[in-house]
S.K.: 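Structure in structure tokens, see below.
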Amino acid sequence: MSHELPKAYDPSSIEEKWAKFWIDERLFDVATPADGRAHNPFVQLLPPPNVTGRLHMGHMLNQTEMDVLARWHRMKGDTSVWVPGTDHAGIATQMMVERQLKSEGGPGRKEMGREAFTERVWAWKQQYGSAITDQMKRLGASVDWSREYFTMDEKLSVAVKETFVRLWEQGLIYRGAYIVNWDPQIQTAVSDLEVENEERAGHLYHVRYDFADGSGSITIATTRPETMLGDVAVVVNPSDERYTAFLGKMLVLPLSAVNGGANREIPLLADEWANPEFGTGAVKVTPAHDPNDFAIGQRHKLPQPSIMDEQGRIALAGSPYDGLDRFEARKKIVADLEANGHLVAIKDHTLTLPVSQRTGAIIEPRLSMQWFLAVNKKPGKDGAPTGAASIAENAIAAVRDGHIRFTPEMYSKTYFEWMNNIHDWCISRQLWWGHRIPAWHCNACGKITVSLDTPGACSGCGITDIHQETDVLDTWFSSGLLPFTVFGWNSTNELTPDLSAFYPTQLLVTGFDILFFWVARMIMLGSHFMLDVPMPDGSKRMLADAVPFREVYIHALVRDADRQKMSKTKGNVIDPIEIITKYGTDAVRFTLASQASPGTDIAFNEGRTEGYRAFANKIWNAARFLQMNIERGKEAAYTASLGSHDSFSLELPSTTPLETRWIFSRLATVSAEVDRSLAAYRFDEAAQAVYQFFWDEFCAWYLELVKVRLDFEAPKNDVTALTLNAVVSVFEAALRLLSPFMPFLTEELWHALYASVDMPSPAKSIALTRYPQAADFAADAASVEAMNTLQELIVTVRGLRKDLGVPEKEAAPILLHASDKISALAQANADMLAKQARVASVALASAPLTGNNARSTASFDVAVIYERQIDVPAERERLTKEIAKFTKGVESAQKQLGSESFLAKAPVHIVDGLKKQAAETQLLLEKAQAALEALPPA
RNA sequence: GGGCGGUUAGCUCAGCUGGUUAGAGCGCCUGCCUUACAAGCAGGAUGUCGGGGGUUCGAAUCCCUCACUGCCCA
């Protein structure tokens with residue numbers, strides 16, 4: 001034997017080998033079609049993991065699903081392109097390197113300077129940045145490594161700059177001082193989406209502000225007393241009669257005297273925003289440190305004094321609070337307010353705190369200069385509208401008009417909800433790691449020059465004293481461009497061969513957590529920019545073909561076995577690599593696939609993975625069984641062949657035994673089921689269908705049945721020869737069917753199988769072969785029906801034998817009462833019954849069988865001839881239960897059949913079916929009753 | 001506060017364009033090392049489909065309502 005398989009399945013010995021083989025052989029690289037047309041393209045973009053990331057279960061689920069689909073399409077003959085890459089992850093990477101610098105004790109980021117620091121980040125990326133893609137290779141992901149990208153690649157960076165310049169020219173990018181979410185730890189603005197709101201226990205402070213004219217006071221309520229240093233007004237609701245009389249009066253702002261100077265005075269104003277129900281109904285207004293206050297300030301044209309620095313420390317020269325951290329300042333201010341009698345009360349209050357998703361720091365709303373993308377504004381040229389739709393309009397239309405379809409469908413609702421309420425996108429980040437904004441400020445006239453290349457002079461006044469903007473772009477800005485930039489989109493709107501062949505991509509598989517971050521932004525940016533790139537035939541591209549993908553499949557969350565969200569703090573994070581080491585990649589992939597039902601979170605249960613490793617082992621041993629028989633066949637001068645098994649599977653010789661007709665027919669049905677399920681993203685159904693076929697039908701039934709046929713001691717005969725070929729042929733097809741789910745195991749066994757039959761593998765990899773289709777195999781309904789009957793007979797006899805206490809190894813005769821057809825079937829397959837149910841002989845009975853040793857089904861009565869008495873109480877209990885069940889069934893059927901409206905309104909096949917079933921149940925009931933009566937008294 | 005889900009066997013989940021006796025895997029019980037596989041084989045037990053109401057000849061499936069629970073947005 002050229003390729004002898006070890007006794008037990010050991011994933012570690014095969015997976016690494018094939019993972020390396022697939023990559024070394026560049027099996028999944030797809031060349032650019034010379035004519036720019038791909039045959040049935042199936043193109044997917046990997047959601048780029050962070051370059052700092054480590055593989056987690058979410059990645060593993062995502063990649064398993066993408067890979068199952070990629071492999072399935074590839075085997076169906078489609079041009080399956082899966083583009084991998086990593087994201088430069090501005091904040092995460094900068095943090096990581098800063099932390100490293102700190103631990104080294106050398107100069108920090110600011111001491112190093114921008115250039116040295118970014119060099120350092122690049123060095124870090126070169127050294128550690130491939131960790132996650134290396135892990136990915138272990139999963140067997142059939143990606144096109146030749147197209148791997150990194151979002152900071154030169155090619156992609158140029159495209160990012162180009163899009164920025166265009167958006168600027170279209171008037172869709174603007175710069176302004178607005179309140180943004182400021183992360184004081186990493187010291188940059190972050191977008192609304194990067195902020196999580198957490199409920200925490202806090203306090204509501206009631207503080208007395210005195211009227212400047214000494215006529216009394218008003219008490220405000222605030223959760224953030226330290227911001228009072230930046231107060232410019234107090235507002236109350238205009239309808240709040242408690243305060244109407246005082247509107248317009250000035251208030252003395254407590255603690256506002258700086259350096260012994262006078263206290264600041266601020267007005268009491270009316271504004272709808274103040275909620276009479278909340279606190280005291282009076283709120284202080286700090287425009288530079290709260291988004292709502294900022295809006296109030298704008299309405300009333302109030303000043304916007306800023307009182308904090310970039311690190312969240314009080315910045316008020318001369319103030320006793322200057323330099324204090326915001327939370328230290330709060331303590332001191334509360335103490336001082338209490339000391340001077342302005343603190344009226346402190347109440348417990350649950351507040352919602354904005355927390356930075358990246359660093360965990362509490363967000364400090366901060367007034368600062370930022371760059372924004374105007375998503376609701378129509379693009380213009382030289383100030384005049386071009387007539388084109390706004391970015392958001394296009395993005396909404398793309399989904400509304402069906403150019404992009406979501407699965408599960410409900411996510412389109414979420415998408416619309418967000419898109420319809422979308423705000424301008426803050427795209428600038430105060431980081432050094434990222435795509436630096438291609439804008440230059442004039443040091444003289446202040447005008448901004450935006451340009452792809454470094455400009456020599458200010459576009460306004462022409463002087464050369466200009467400096468480049470220090471901000472970089474939000475990481476999601478560049479990743480939002482990926483669906484077209486990875487295919488070579490450039491500044492000329494030229495249709496590159498890759499764009500022509502592969503854009504739009506067919507499918508995006510991703511998690512709902514980045515629906516807005518990434519999915520929506522790809523739709524916005526793709527729909528916006530690709531409208532300007534012509535179609536392959538030169539015609540104008542419409543929205544339907546400008547979209548970045550045609551379908552979005554949103555998968556759920558992988559939770560732990562108790563349905564808890566995995567989190568580092570809870571310590572319940574499952575490391576996929578650890579599980580893989582324990583059970584093999586194939587088993588983990590199958591676990592995820594078998595639970596991946598759209599819209600349902602996956603509770604990852606290791607017990608299940610263990611079960612799927614057992615499944616892999618089962619198949620492994622089936623392969624060994626085949627090898628053994630092929631070898632034994634060779635010794636008896638039989639030659640197993642896979643040479644013409646395709647035509648063989650379709651046109652079975654007339655001597656083909658029943659079980660072989662049956663298994664091919666089942667293979668046809670299952671192939672269709674798997675195809676249908678995968679087309680609907682029902683990974684769970686597809687996996688279950690393959691599992692059920694392979695284990696229950698192929699291994700448990702078919703292999704047991706063919707043992708009778710594969711008798712190499714007997715004189716050489718056609719049935720043995722044919723069966724040997726059939727077993728090999730069915731197994732080979734079943735391996736192909738399973739291959740997208742368990743690529744390693746099937747690759748190994750597929751090659752081993754060809755080696756066993758002394759044939760070269762017809763392809764380098766099973767992944768490059770044809771996916772089994774229903775039409776590839778002979779369907780035979782009659783054989784399926786016959787097999788079902790025989791299976792029922794075998795199972796019934798086995799059960800009966802157990803009840804009668806027939807020793808396992810002892811054969812016993814049976815007596816059968818059934819239709820002529822079934823009787824003949826049983827007699828013709830007596831050898832099958834002998835092997836599967838230890839039936840010594842089959843005798844026919846003309847009368848129904850109701851004795852202690854008999855059982856009835858809808859199709860037959862069968863009795864096992866065995867002298868030993870059955871367990872009477874157990875049998876009585878069983879029969880009593882059956883009688884109850886049948887009685888209930890008969891009653892409910894009769895009730896329906898007795899109803900005239902049912903007979904009149906229900907479809908004929910339902911009525912007939914029910915009648916037939918009622919008759920059968922009635923018969924079974926009578927038989928069970930007779931059997932019960934026949935039991936000896938207790 | 002607004003929006004979207006979920007509740008089916010001990011556990012994790014299918015089934016829900018209404019239709020004949022509601023399924024799977026794991027777990028559980030009993031007996032077997034039957035030479036492919038003990039990561040196995042054979043047999044077995046287990047559900048008033050969250051509660052209530054309605055529509056219908058017929059409801060796990062459609063509608064209303066309540067309870068519990070999860071997620072997203074403010």
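Residue numbers begin at 1 in each chain, while the letters A, B, ... track the order of the sequences.
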S.K.: Base, sugar-phosphate, or nothing for A:Gln688, non-hydrogen atoms under 4.0 angstrom?
M.R.: sugar-phosphate
S.K.: Quickly work out the A:Gln627 CD to B:rU35 P distance and round it to whole Å.
M.R.: 20 Å
S.K.: Considering every strand and a 4.0 Å limit on heavy-atom distances, what is the contact class for A:Tyr9: base, sugar-phosphate, or nothing?
M.R.: base
S.K.: Whole angstroms only, please: what is the CZ-C1' distance between A:Phe902 and B:rG19?
M.R.: 8 Å
S.K.: Quick one: is B:rG15 close enough that its OP1 or OP2 comes under 4.0 Å of any side-chain N or O from A:Arg682?
M.R.: yes
S.K.: With a 4.5 Å limit on heavy-atom distance, are the side chains of A:Glu659 and A:Trp701 in contact?
M.R.: no
S.K.: A:Glu417 CD to B:rG2 P: how many Å, rounded?
M.R.: 13 Å
S.K.: Can you check the distance between B:rA9 and B:rC29, where both ends of the measurement are the C1' atom (answer in whole Å)?
M.R.: 15 Å
S.K.: Taking OP1 and OP2 of B:rA36, is either one under 4.0 Å from a side-chain nitrogen or oxygen of A:Lys7?
M.R.: no
S.K.: Whole angstrom is fine here: how far is it from CG in A:Leu804 over to C1' in B:rG31?
M.R.: 15 Å
S.K.: When the P atoms of B:rC16 and B:rG6 are compared, how many Å lie between them, rounded to an integer?
M.R.: 13 Å
S.K.: Could you tell me how far B:rG25 sits from B:rU46 if I compare only their C1' atoms? Round to whole Å.
M.R.: 15 Å
S.K.: Round to a whole Å and report the spacing from CD of A:Glu808 to P of B:rU30.
M.R.: 15 Å
S.K.: Is there, by distance only and without an angle test, a donor paired with an acceptor across the side chain of A:Glu704 and the base of B:rA36 below 3.5 Å?
M.R.: yes
S.K.: Between B:rA24, B:rA36, B:rU12, which nucleotide gets closest to the side-chain atoms of A:Gln595?
M.R.: B:rU12
S.K.: Between A:Phe694 and A:Leu735, what is the shortest heavy-atom contact and its length?
M.R.: CE1-N, 4.1 Å
S.K.: Taking for each residue the nucleotide of RNA chain B bearing the nearest heavy atom, is the 5' side occupied by A:Thr921 or by A:Asn605?
M.R.: A:Asn605
S.K.: Output, in order, the C-alpha distance, side-chain angles, deciding distance and verdict of salt bridge (Lys or Arg N to Asp or Glu O under 4.0 Å) for A:Asp290 and A:Arg224.
M.R.: CA-CA 10 Å; A:Asp290 182 280; A:Arg224 300 194 57 201; 5.9 Å; no
S.K.: Do A:Glu606 and A:Tyr583 pair up side chain to side chain, a donor and an acceptor below 3.5 Å, judged on atom types alone?
M.R.: yes
S.K.: Could you tell me the separation between the CG atom of A:Asp684 and the C1' atom of B:rG23, rounded to a whole number of Å?
M.R.: 13 Å
S.K.: Test your reading of the model: is there a side-chain donor-acceptor pair from A:Trp620 to the backbone of A:Leu749, 3.5 Å cut-off?
M.R.: no
S.K.: If I pick the P atom on B:rG27 and the same atom on B:rC62, what distance separates them, to the nearest angstrom?
M.R.: 33 Å
S.K.: Strictly distance-based, threshold 3.5 Å: is any side-chain N or O of A:Arg801 a donor or acceptor partner for the main-chain N or O of A:Arg838?
M.R.: yes
S.K.: Taking the nucleotide of RNA chain B with the nearest heavy atom to each, does A:Tyr691 or A:Phe886 sit closer to the 5' end?
M.R.: A:Phe886
S.K.: Return the minimal non-hydrogen interatomic distance between A:Met524 and A:Ala395, and the atom names on each side.
M.R.: CG-CB, 3.6 Å
S.K.: Using a 4.0 Å cut-off on protein heavy atoms (strictly under), produce a 5'-to-3' string for nucleotides 43-49 of chain B with B for base contact, S for backbone-only sugar-phosphate contact, and - for none.
M.R.: S-SS---
S.K.: Return the value, rounded to whole Å, for the distance between atom CD of A:Glu685 and atom C1' of B:rG23.
M.R.: 12 Å
S.K.: List the residues meeting side-chain contact (heavy atoms from CB on, under 4.5 Å) with A:Ala616, not counting sequence neighbours, and say none if there are none.
M.R.: A:Tyr9, A:Met742, A:Leu745
S.K.: Sticking with atom C1', work out how far B:rA24 lies from B:rU30, rounded to a whole angstrom.
M.R.: 23 Å
S.K.: Where do A:Glu808 and A:Arg798 land on the salt bridge (Lys or Arg N to Asp or Glu O under 4.0 Å) test, with the steps shown first?
M.R.: CA-CA 9 Å; A:Glu808 294 227 9; A:Arg798 280 176 185 166; over 6 Å; no
S.K.: For RNA chain B, which residues of residues 616-625 of chain A approach it to below 4.0 angstrom with any heavy atom?
M.R.: A:Asn617, A:Lys618, A:Asn621, A:Ala622, A:Arg624, A:Phe625
S.K.: Decide yes or no on salt bridge (Lys or Arg N to Asp or Glu O under 4.0 Å) for A:Lys634 and A:Glu631, but give the supporting numbers first.
M.R.: CA-CA 5 Å; A:Lys634 279 180 196 166; A:Glu631 286 307 308; 3.1 Å; yes
S.K.: Send over the distance from A:Phe698 CZ to B:rC37 C1', rounded to a whole Å.
M.R.: 13 Å
S.K.: Which whole number of Å gives the distance between the C1' atom of B:rA39 and that of B:rC4?
M.R.: 42 Å
S.K.: Provide the distance between the two C1' atoms, one in B:rG50 and one in B:rG70, to the nearest whole Å.
M.R.: 15 Å
S.K.: Only Watson-Crick and G-U wobble pairs, only distances under 3.5 Å, only runs of 3 or more: what stems does that leave for RNA chain B?
M.R.: B:1-7 with B:67-73, B:10-13 with B:23-26, B:28-32 with B:40-44, B:50-54 with B:62-66
S.K.: Might you point out which heavy atoms bring A:Asp684 and A:Ser594 nearest each other, and give the distance in Å?
M.R.: CB-O, 3.3 Å
S.K.: In terms of relative ring orientation, are A:Tyr691 and A:Trp695 parallel, tilted or perpendicular, with 30° and 60° separating the classes?
M.R.: tilted
S.K.: Side chain of A:Lys413 only, heavy atoms from C-beta on: which candidate in B:rG5, B:rA36, B:rG31 is closest?
M.R.: B:rG5
S.K.: Over all heavy atoms of both residues, which pair between A:Asp586 and A:Glu15 is shortest? Give the atoms and the distance, please.
M.R.: N-OE2, 3.3 Å
S.K.: Provide the distance between the two P atoms, one in B:rA60 and one in B:rG53, to the nearest whole Å.
M.R.: 14 Å
S.K.: Give a yes/no answer on whether the side chain of A:Trp695 brings an N or O atom under 4.0 Å of OP1 or OP2 in B:rA39.
M.R.: no
S.K.: Please confirm whether the shortest side-chain N or O distance from A:Lys707 to OP1 or OP2 of B:rA36 is below 4.0 Å.
M.R.: yes
S.K.: Please lay out, stage by stage, how A:Glu704 and A:Lys707 fare under the test salt bridge (Lys or Arg N to Asp or Glu O under 4.0 Å).
M.R.: CA-CA 5 Å; A:Glu704 290 306 320; A:Lys707 282 178 181 172; 3.1 Å; yes
S.K.: Which residue pairs satisfy the side-chain hydrogen bond (donor to acceptor under 3.5 Å, both in side chains) criterion with at least one member in residues 405-419 of chain A, sequence neighbours excluded?
M.R.: A:Arg405-A:Glu551, A:Glu409-A:Ser412
S.K.: Enumerate the protein-to-nucleotides 71-73 of chain B contacts in which both atoms are nitrogen or oxygen and the separation is below 3.5 Å.
M.R.:
none

S.K.: Under 6.0 Å between the ring centres of A:Phe741 and A:Tyr612?
M.R.: no
